[in-house]
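Structure record follows, encoded as structure tokens.
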There are 2 protein chains.
Amino acid sequence: MTPSKSTDRVGTTQTETGEHADTRERILDVALDLFSDQGYEKTSLREIAERLGFSKAAIYYHFASKEDLLLALHLRLHDYGREFLATTGEGLSSPQQWATLLDGFIEQMLRHRALFVLQERNRAALERLHDTRHEADHDDLENRLKLVLTDATFDVRDRVRIACALGAVIGGLLLSGDAFSAVPDAELGHLVRDVVHGILTPPAVS
Amino acid sequence: MTPSKSTDRVGTTQTETGEHADTRERILDVALDLFSDQGYEKTSLREIAERLGFSKAAIYYHFASKEDLLLALHLRLHDYGREFLATTGEGLSSPQQWATLLDGFIEQMLRHRALFVLQERNRAALERLHDTRHEADHDDLENRLKLVLTDATFDVRDRVRIACALGAVIGGLLLSGDAFSAVPDAELGHLVRDVVHGILTPPAVS
DNA sequence: GTCTATATAGGGATAGAC
DNA sequence: GTCTATCCCTATATAGAC
């Protein structure tokens with residue numbers, strides 16, 4: 001209907017060093033910034049357009065709706081997730097398997113921290129998005145996690161450990177805000193990884 | 001200006017078993033429910049009133065603004081926090097001290113889970129609240145945490161461990177959603193506590 | 001203490017010029 | 001590809017009756 005490009009090619013891994021990124025990506029970058037800071041609902045399209053130096057209506061040339069902005073950003077993350085989930089095969093039952101998976105997760109989170117902050121601070125809006133555009137139960141990390149956590153055939157101890165391990169990653173890299181901004185990413189990742197492994201490898205003592 | 005009661009006595013520990021709670025508390029209970037589920041911004045006063053069986057304007061008799069609803073709920077949590085922070089004295093530097101503090105934190109989180117979910121899912125709105133009504137830098141847990149995490153005189157290892165430990169609690173009790181709803185609170189608390197202690201007590205291996 | 005009615009503002013979205 | 005102007009809707013909040 002609208003001349004807006006279809007959102008299919010959204011989220012494709014682009015240059016990332018947005019030097020002279022096209023307008024579409026610039027809009028997404030600003031949206032990412034504001035959505036993360038103020039929240040999705042509190043951020044108006046006028047505000048986004050203002051920061052880019054043009055008018056609100058211009059955004060509608062690139063995106064069919066405000067929701068599509070959030071969706072595009074979500075898909076960026078989604079692509080990264082799928083990309084690295086593919087490398088980890090199928091096995092995701094034992095805590096040890098989760099430990100190695102979370103290693104990759106830490107890497108991704110350090111690389112795309114802004115996107116993860118967006119996700120963490122806009123869960124309500126993103127859940128609504130999933131209900132509206134139910135993209136055929138995709139196989140993402142969050143889904144696998146829920147499957148494992150609710151699988152009563154596994155030891156509760158292990159399931160709780162996995163949930164805590166993921167929380168530890170989020171706590172160390174996201175919830176801590178900029179407290180560790182002075183710490184190099186590599187070192188921070190290493191420290192968090194140690195914690196995660198400590199949680200997920202049985203400490204021999206009951 | 002308005003006949004609304006001043007928000008001073010907000011958050012006082014009430015019966016909690018809201019059997020025949022007064023209207024004010026019933027409003028807050030519904031607001032807590034909807035704010036947690038849909039988010040603060042997406043929830044309208046009309047929606048809250050509807051669920052209570054009366055009109056939107058009635059809410060304004062009890063609260064001066066929508067913001068005041070969020071504030072009142074935040075203060076509920078705040079009171080619980082202060083209550084148990086008082087018992088832990090001043091010492092909050094070593095990971096071991098944080099371990100015992102987080103024990104109490106787990107208790108509180110299990111008891112008032114709904115309030116913690118509200119907080120976790122509405123950080124943006126709550127930060128705005130703190131800016132607007134800056135309640136004289138209060139001494140809450142979040143503040144103490146930030147102080148410790150940014151204190152460069154402490155070992156980075158320990159600081160990261162503390163951040164991860166808090167994250168682990170949140171991951172095990174909050175982010176897991178209802179995955180552990182079948183697990184009794186006491187057991188779940190015990191399991192998470194073990195994880196936290198595992199993180200915060202040096203495992204002897206470097 | 002709760003109602004109806006209304007004021008006011010701002011948001012998302014569209015039409016059509018350039 | 002971006003603009004101005006506008007439509008429509010919903011939201012918070014207020015006024016005043018009951």
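Each chain gets a letter, A, B and so on, in the order the sequences are listed, and its residues count up from 1.
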- Message: Rounded to whole Å, please give me the gap between CG in A:L52 and C1' in D:dT2.
- Response: 12 Å

- Basic-acidic side-chain contact under 4.0 Å: B:R128, B:D131: no

- Item | Distance in angstrom units between A:R24 CZ and D:dT2 C1', rounded | 17 Å

- Any Lys/Arg nitrogen of B:D29 or B:R26 sitting under 4.0 Å from an Asp/Glu carboxylate oxygen of the other? no

- Query: Tell me: OH of A:Y61 to C1' of C:dA13, nearest whole Å?
  - Reply: 18 Å

- Item | Length of the NE2-P vector between A:H62 and D:dG1, whole Å | 6 Å

- Query: Who are the ring-ring contact (aromatic ring centres under 6.0 Å, His included) partners of A:H130, not counting sequence neighbours?
  - Reply: A:H74, A:H138

- Message: Whole angstroms only, please: what is the CD1-P distance between B:I59 and D:dA11?
- Response: 12 Å

- Message: Quick test of your reading: applying ring-ring contact (aromatic ring centres under 6.0 Å, His included), list the pairs with at least one residue in residues 145-174 of chain B, sequence neighbours left out, ordered by first then second residue.
- Response: none

- Measure the distance from CZ on B:F35 to P on D:dA11 and round it to the nearest whole Å. 13 Å

- From CG of B:D22 across to C1' of C:dT2 the rounded distance in Å is 15 Å

- Message: Could you check whether B:F116 and B:Y80 have their ring centres less than 6.0 Å apart?
- Response: no

- Query: When you check every protein heavy atom under 4.0 Å of nucleotides 3-11 of chain C, what one-letter string (B, S, -) results, 5' to 3'?
  - Reply: BB------S

- Item | Side-chain N,O (B:S65) to OP1/OP2 (D:dT14) below 4.0 Å | no

- Message: Would A:K42 pass as a cation-pi partner of B:Y40, given that its NZ or CZ must be under 6.0 Å from the six-membered ring centre and within 45 degrees of the axis?
- Response: no

